[in-house]
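See structure below.
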2 protein chains.
Amino acid sequence: MSRPITDTRTRILDSAWKALEEGPGASVRMADIARRAGISRQALYLHFPARTELLIATTRYIDEIKQIDTRLAASRNAETGLERLDTYIEAWGNYIPEIHGVARALLAMQDSDAAAKLAWDDRMGAVREGCAAAIRALQDDGVLSDDYTLDQATDILWALLSVRQWELLRETCGWSQAQYIALTKTIAQRSLLQNRS
Amino acid sequence: MSRPITDTRTRILDSAWKALEEGPGASVRMADIARRAGISRQALYLHFPARTELLIATTRYIDEIKQIDTRLAASRNAETGLERLDTYIEAWGNYIPEIHGVARALLAMQDSDAAAKLAWDDRMGAVREGCAAAIRALQDDGVLSDDYTLDQATDILWALLSVRQWELLRETCGWSQAQYIALTKTIAQRSLLQNRS
DNA sequence: GTGTCAATTGACACTGTGTCAAGCAACAGG
DNA sequence: CCTGTTGCTTGACACAGTGTCAATTGACAC
């Protein structure tokens, strides 16, 4: 066989990724993904028994390619709290464009597929935990303003990093990713930190 | 007839609103909305020829009940830029919980219903314009930091006000709306404004 | 050569959207 | 009282997308 299992599976995941990236309005139907991957629709179901499982698997796949866990671990190992925040912002900021297509597709599921949504929540929970850890490090360093609780500060940073989500609705932002990440850093520091160190 | 047109139409819109509010995973199918409103599914199509039109109409309906345009106009008439920002934040902040169900439902449309999405973008554009106007007033008052362009500042405030959107994915925030709006004001002022006045 | 495994084709059930036709109850004006 | 209109009803249907099933093919491994 010139096509080992992993090959086909990878081709499927690549196809799903590409389909999801094509923005809102893109057809992310099983048939489309199968056609993209060059296999039949039914063969797709041999690899992924349901659409939601394919979407979740695509998330994990993107995680691996983008080395998200590695990057988040790196943020955990940073020396100062501020470095930790920087590294986290870079990891998550770079992740968002890839991930928001999946978010859209999962949100789009009419049937409340509890298991799939739980898996997604877990993933997001992990990323969010990285955010909270960075904030906590800042508290330990004593540079975090005590106007905000840990949860509040996490929510604020999360919001700043997630503004790209709104591009789903109004695709008129026009910022480059680098611009965006740089600005996020500035605003996060200005908003959350006291001018101490 | 004990049921004039407007009565049925209002009942439909109320039903749709309620259905949309029941969070992600809620069934916002035409049949469900019809059952809620106490009419047949086909009668629903007599009032709204398509699902997307019902969703958009529900947005307008919520607008009216919540008097969003009035509130945004009030923000336009505020004396100082800071008051203007405050009024805007209050109007839009109170609007979000009602509106994010519609956002979710519209995002969920697989068929890229261009017209409906355009109408939605228009609505969001109007609200966003209110945001930009508030920011611009702050520039005129000379209290807005010139580190950010108008677009950047608008995006930041928009992000801060829209963090609730993420509750769709992780419903663990637990903030009260008042808490949220108060915090948004603080963070917006701290982030965007120079400590001048 | 036989078994196995991935993938194929073709058919089917089910759900949700949107359409169509025929009928029915109430009300209005002659 | 009859007639037309209006708002809604029931019942049927077409269509798209998901997910399932059975029978078949083609290549590789032992």
Side-chain angles (χ1 to χ4, degrees), chain A residues 1-16 19-20 22 24-58 101-102 104-117, chain B residues 1-16 19-20 22 24-58 101-102 104-117:
Chain A
M1 187 80 134
S2 60
R3 286 182 188 171
I5 304 175
T6 52
D7 235 7
T8 303
R9 198 186 147 89
T10 304
R11 253 192 355 267
I12 292 174
L13 290 170
D14 278 331
S15 305
L20 287 165
E22 289 191 353
S27 56
V28 200
R29 275 154 293 198
M30 293 298 264
D32 294 306
I33 294 168
R35 200 180 317 114
R36 270 187 132 100
I39 59 169
S40 67
R41 197 172 67 87
Q42 289 85 337
L44 182 49
Y45 279 98
L46 293 178
H47 290 270
F48 304 95
R51 204 178 98 103
T52 55
E53 298 207 23
L54 170 56
L55 292 174
I56 295 292
T58 306
V102 187
R104 176 169 33 84
L106 279 171
L107 247 55
M109 298 188 310
Q110 314 216 36
D111 53 329
S112 57
D113 192 325
K117 283 187 175 151
Chain B
M1 189 78 135
S2 61
R3 286 181 187 171
I5 305 175
T6 53
D7 235 6
T8 303
R9 197 186 148 88
T10 304
R11 252 191 357 266
I12 292 173
L13 290 170
D14 278 332
S15 305
L20 287 166
E22 287 190 356
S27 55
V28 200
R29 275 154 295 200
M30 292 299 264
D32 294 304
I33 293 169
R35 201 180 317 115
R36 270 186 133 100
I39 59 169
S40 68
R41 198 172 66 87
Q42 290 85 339
L44 182 49
Y45 279 98
L46 293 178
H47 290 270
F48 303 95
R51 204 177 98 103
T52 53
E53 298 207 22
L54 170 57
L55 291 174
I56 296 291
T58 306
V102 187
R104 175 169 34 84
L106 280 170
L107 247 55
M109 298 187 311
Q110 313 215 36
D111 54 329
S112 56
D113 192 326
K117 282 187 174 151

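Note that the structure is predicted; figures quoted are calculated from it, not measured. Residue numbers begin at 1 in each chain, while the letters A, B, ... track the order of the sequences.
A/R41 pairs by the salt bridge (charged side-chain N to carboxylate O under 4.0 Å, His left out) definition with nothing, not counting sequence neighbours.
Between B/M30 and B/F48, the closest heavy-atom pair is CE-O, 4.4 Å. Taking all atoms of both residues into account, the shortest heavy-atom contact from B/L20 to B/V102 is CD1-CG2, 3.6 Å. Scanning all heavy atoms of the two residues, the minimum distance from A/I12 to A/I39 falls at CD1-CD1, 3.7 Å. For the residue pair B/T58 and B/A16, the shortest heavy atom distance occurs at OG1-CB, 3.6 Å.
One can place CG of B/L46 at 14 Å from P of C/dA21, the figure rounded to the nearest angstrom. For the pair A/L44 CG and C/dA6 P, the computed distance is 15 Å after rounding to whole Å. Between the CZ atom of B/R51 and the P atom of C/dT19 there is a distance of 14 Å, rounded to whole Å. Whole-Å rounding puts the A/Y45 OH to D/dA22 P distance at 17 Å. A/F48 has its CZ atom 11 Å from the P atom of C/dA7, to the nearest Å. In this structure, CG of A/L54 is placed 13 Å from C1' of D/dT18, rounded to the nearest angstrom. Summarising the geometry, the separation between CZ on A/R9 and C1' on C/dA6 is reported as 15 Å, rounded to the nearest angstrom. In this structure, CD1 of B/I39 is placed 6 Å from P of D/dT9, rounded to the nearest angstrom.
Note that CG of A/L54 is 9.5 Å distant from OG of A/S15, once rounded to the nearest 0.5 Å.
A salt bridge does not link A/D14 to A/R11: none of the charged side-chain nitrogens sits closer than 4.0 Å to a carboxylate oxygen.
The closest donor-acceptor contact from the side chain of A/R36 to the backbone of A/A31 lies at 3.5 Å or more, if one exists at all.
Note on A/H47: every side-chain N or O is 4.0 Å or more away from OP1 and OP2 of C/dA6. Note on A/T8: every side-chain N or O is 4.0 Å or more away from OP1 and OP2 of C/dA6.
Note that the two end axes of the helix from C/dG1-D/dC30 to C/dG30-D/dC1 enclose an angle of 10°, each drawn from 5 base pairs, rounded to 10 degrees.
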If you restrict it to nitrogen or oxygen atoms, what contacts under 3.5 Å exist between nucleotides 9-13 of chain C and the protein, and what is each distance?
from, atom 1, to, atom 2, distance (Å)
C/dG10, N7, A/Q42, NE2, 3.4
C/dG10, O6, A/Q42, NE2, 3.0
C/dA11, N6, A/Q42, NE2, 3.4

| message | A/R51 vs A/V28, test: side chain to side chain contact (heavy atoms under 4.5 Å, CB included). Steps then yes/no. | response | CA-CA 10 Å; A/R51 204 178 98 103; A/V28 200; 4.2 Å; yes
